[in-house]
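Have a look at the structure below, then the notes.
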Amino acid sequence: MAFSGVLADADIAAALEGCKDAGTFDHKKFFQACGLSNKSAEDVKKAFSIIDQDKSGFIEEEELKLFLQNFKAGARALNDAETKAFLSAGDTDGDGKIGSDEFSTLVKS
């Protein structure tokens, strides 16, 4: 699993269970349930680099849609409403993507 050494498998499973149905994803609840919100800045940066699949230095909308699949293969994709809400919560400078600092702020909020 991509997050081994950063997050506990049981915490990831619980976080995914909490948003398994379409329309139930809440980034704050997810980050708390999986334990990421309590991790060090270094661990949050590791998480960012895992989620930033194209290594552009940003998490774009398409990467957000597949966000849950970074935690477990076969997890559902976020629907459009969830993706847009997640993006608007994290994109504080309005450039349409989430940078590393924005992600850290989002995780810790």
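Just so we're clear, the structure is a prediction, and the values are computed from it rather than from any experiment.
Within the 4.5 Å cutoff, the side chain of Leu106 has heavy atoms near those of the Phe31 side chain. No side-chain heavy atom of Gln53 sits under 4.5 Å from any side-chain heavy atom of Gln69. You'll find the side chain of Thr105 stays beyond 4.5 Å of the side chain of Thr92, heavy atoms only. Side-chain contact check for Phe3 versus Leu36: every heavy-atom pair is 4.5 Å or farther apart. When side chains are defined from C-beta on, Asp26 does not count as touching Gln32, because their heavy atoms never get closer than 4.5 Å. With contacts defined as side-chain heavy-atom distances shorter than 4.5 Å, the pair Asn38/Lys108 does not qualify.
Expressed to the nearest 0.5 Å, how far CG of Leu64 lies from OG1 of Thr83 amounts to 6.5 Å. How far OG of Ser100 is from CD1 of Ile51: 10.5 Å, rounded to the nearest 0.5 Å. In this structure, Lys97 NZ and Phe58 CZ are separated by 4.5 Å, a value rounded to the nearest 0.5 Å. The CG atom of Leu66 lies 5.5 Å from the CD atom of Glu62; values are rounded to the nearest 0.5 Å.
At a threshold of 4.5 Å between side-chain heavy atoms, the hydrophobic network of Ile, Leu, Val, Met, Phe, Trp and Tyr places Leu87 and Val107 in one connected group.
A donor-acceptor distance shorter than 3.5 angstrom exists from the side chain of Lys55 to the backbone of Ser49, with no hydrogens or angles considered. Within the 3.5 Å criterion, the main-chain N or O of Val6 finds a donor-acceptor partner in the side chain of Lys39.
Nearest heavy atom pair, residue Phe71 against residue Cys34, reads CE2-SG, 4.5 Å. Between Val44 and Ser104, the shortest heavy-atom distance links the atoms CG1-OG, 3.7 Å. Of all the heavy atoms in Phe103 and Ala47, the pair that sits closest is CE2-CB, 4.3 Å. Considering all non-hydrogen atoms of both residues, Ala75 and Leu16 come closest at CB-CD2, 4.3 Å. Across Ala89 and His27, no two heavy atoms sit closer than the pair CB-CE1, 3.5 Å.
For Lys84 and Glu61, the salt-bridge test passes: some basic side-chain N is under 4.0 Å from an acidic carboxylate O.
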Worksheet entry | Test side chain to side chain contact (heavy atoms under 4.5 Å, CB included) applied to Lys29 and Thr24, step by step | CA-CA 10 Å; Lys29 287 180 187 169; Thr24 61; over 6 Å; no
Item to complete: Could you walk me through whether Phe30 and Leu68 pass side chain to side chain contact (heavy atoms under 4.5 Å, CB included), step by step?
Response: CA-CA 10 Å; Phe30 185 86; Leu68 297 177; 3.6 Å; yes
Fill in: Step-by-step side chain to side chain contact (heavy atoms under 4.5 Å, CB included) determination, Ile59 to Glu102
CA-CA 10 Å; Ile59 301 172; Glu102 290 172 316; over 6 Å; no
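A donor-acceptor pair shorter than 3.5 Å cannot be found between the side chains of Glu63 and Asn70.
With sequence neighbours excluded, no residue forms a salt bridge (Lys or Arg N to Asp or Glu O under 4.0 Å) with Asp52. The salt bridge (Lys or Arg N to Asp or Glu O under 4.0 Å) check on Asp54 picks up nothing, with sequence neighbours excluded.
Residue pairs meeting the side chain to side chain donor-acceptor pair (under 3.5 Å) criterion with at least one partner in residues 11-22, sequence neighbours excluded, are Glu17-Lys20.
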